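Bear in mind that the values here come from a model prediction, so they are computed numbers and not experimental data. Just follow the structure's listing: the first ligand is 1, and inside any ligand the first atom is 1.
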Amino acid sequence: MTKKINIAILISGTGSNMQALVDACLSPNFPACVAVVIANKPTSLGLAWAKENGIATVLIDQQKFALQENPKLAFEQELQNVLQNFAVELICLAGFMRLLSGCFVAKWPQKIINIHPSLLPNFKGANAVFDALQAKATITGCTTHFVVEEMDAGPIILQQKVPIDQADNLESLKAKILQQEHQIYPKTLKIVCNQILAKIK
Ligand code: GRF
């Protein structure tokens, strides 16, 4: 059997991008397989969906570490353990609303990818769609990129433009962008996994 890259998908919320990645991995000859879905919030709808669909899931509830001396470090140590236990080779952030430390990112060089709802470097941060509307931009989109310590800043892999209509509101624009995200994230995963596979051949 041809080697596939074992991926972890990290989520916090709905997980529609996670579903797009899971679907892609089900198609024959796709170079990745989903080893585990990890959520940092018990309320994540995507976590329930993954469980129902027979995917291995782990909840690392970030609240659990709140009283520890270094909550971020403790969270990331547990994350690292889970990733190792599932023999993960590539991490896909899919609506994972937590910034990973430089120390963690350094352990996974070029092995963490993310999707962001803007044409980076425009509109970084958690309110990218709102910010594009506020700025009266006429075009926005989505970007996949490698993750570095600085937020929404790593090397760009793919981008897709989405025009903003005058009639667009936050909800309509988010939906239009999400539709494109579901196209470019699986494509990105394929590109990155094929690059990794080419290096280990
Ligand atoms: C997406 O817009 C993604 O770009 C951003 O968070 C949102 C997650 O949506 N990072 P979903 O949970 O994948 O539906």
Side-chain angles (χ1 to χ4, degrees), residues 7-26 32 34 36-53 55 57-62 79 90-101 104-105 108 111-135 137 139-164 168-192:
I7 66 163
I9 309 176
L10 272 56
I11 59 170
S12 300
T14 315
S16 68
N17 278 291
M18 171 205 67
Q19 289 190 31
L21 296 181
V22 167
D23 283 350
C25 288
L26 291 175
V34 182
V36 62
V37 167
I38 302 172
N40 63 333
K41 290 186 179 169
T43 49
S44 163
L45 292 177
L47 189 67
W49 182 89
K51 260 187 211 165
E52 281 161 19
N53 284 273
I55 298 161
T57 57
V58 175
L59 168 66
I60 309 178
D61 188 350
Q62 61 187 48
L79 178 59
L90 178 73
I91 301 171
C92 304
L93 307 183
F96 183 68
M97 302 308 281
R98 191 184 167 100
L99 195 60
L100 295 166
S101 72
F104 182 87
V105 172
W108 294 86
K111 295 285 165 50
I112 311 176
I113 56 176
N114 183 40
I115 186 144
H116 182 77
S118 78
L119 294 174
L120 290 173
N122 295 335
F123 308 119
K124 294 179 177 182
N127 303 309
V129 183
F130 177 82
D131 292 344
L133 281 171
Q134 281 290 101
I139 199 148
T140 185
C142 47
T143 302
T144 54
H145 64 98
F146 287 105
V147 171
V148 294
E149 181 175 5
E150 194 193 328
M151 189 176 57
D152 301 329
I156 289 170
I157 308 165
L158 290 179
Q159 291 190 305
Q160 179 61 52
K161 291 177 183 161
V162 174
I164 305 180
D168 268 326
N169 55 32
L170 188 59
E171 205 184 336
S172 68
L173 187 56
K174 269 188 180 172
K176 279 201 242 176
I177 296 172
L178 260 186
Q179 225 177 9
Q180 296 308 318
E181 290 185 29
H182 300 159
Q183 303 302 314
I184 69 162
Y185 211 180
K187 278 187 198 156
T188 299
L189 180 59
K190 189 172 181 178
I191 291 169
V192 173

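- A donor-acceptor pair is defined here as one N or O able to donate and one able to accept, closer than 3.5 Å; no such pair exists between the side chain of Q160 and the backbone of T143.
- Under the 3.5 Å distance criterion, the side-chain polar atoms of S118 are left unmatched by any main-chain donor or acceptor of C142.
- Atoms of ligand 1 found under 4.0 Å from any heavy atom of T14 (numbered from 1 in listed order, with element): 12 (O), 14 (O).
- Counting only heavy atoms of the protein, atom 4 (O) of ligand 1 lies nearest to E181 OE1, 2.8 Å.
- With rounding to the nearest 0.5 angstrom, the CG atom of L79 is 5.5 Å from the CG atom of L10.
- In this structure, of T143, I11, I115, the residue bringing a heavy atom nearest to atom 10 (N) of ligand 1 is I115.
- At the top of the distance list for atom 14 (O) of ligand 1, counting protein heavy atoms only, stands S16 OG, 2.5 Å.
- Of the protein's heavy atoms, G15 N, 2.8 Å lies nearest to atom 12 (O) of ligand 1.
- By the 3.5 Å distance cut-off applied to N or O atoms, N114 is not counted among the residues near ligand 1.
- Between the N53 side chain and the W49 main chain, a donor and an acceptor come within less than 3.5 Å of each other.
- Using a 4.5 Å heavy-atom cutoff, the side chains of T57 and I38 are not in contact.
- Here H116 has backbone heavy atoms under 4.0 Å from ligand 1, and that is the only part of it that gets that close.
- Of the N or O atoms in A94, none lie within a sub-3.5 Å distance of an N or O in ligand 1.
- No side-chain heavy atom of T144 sits under 4.5 Å from any side-chain heavy atom of N114.
- Here T140 contributes atom OG1 and F123 contributes atom CZ; the two are 6.5 Å apart, rounded to the nearest 0.5 Å.
- For atom 6 (O) of ligand 1, the closest non-hydrogen atom of the protein is G95 CA, 3.6 Å.
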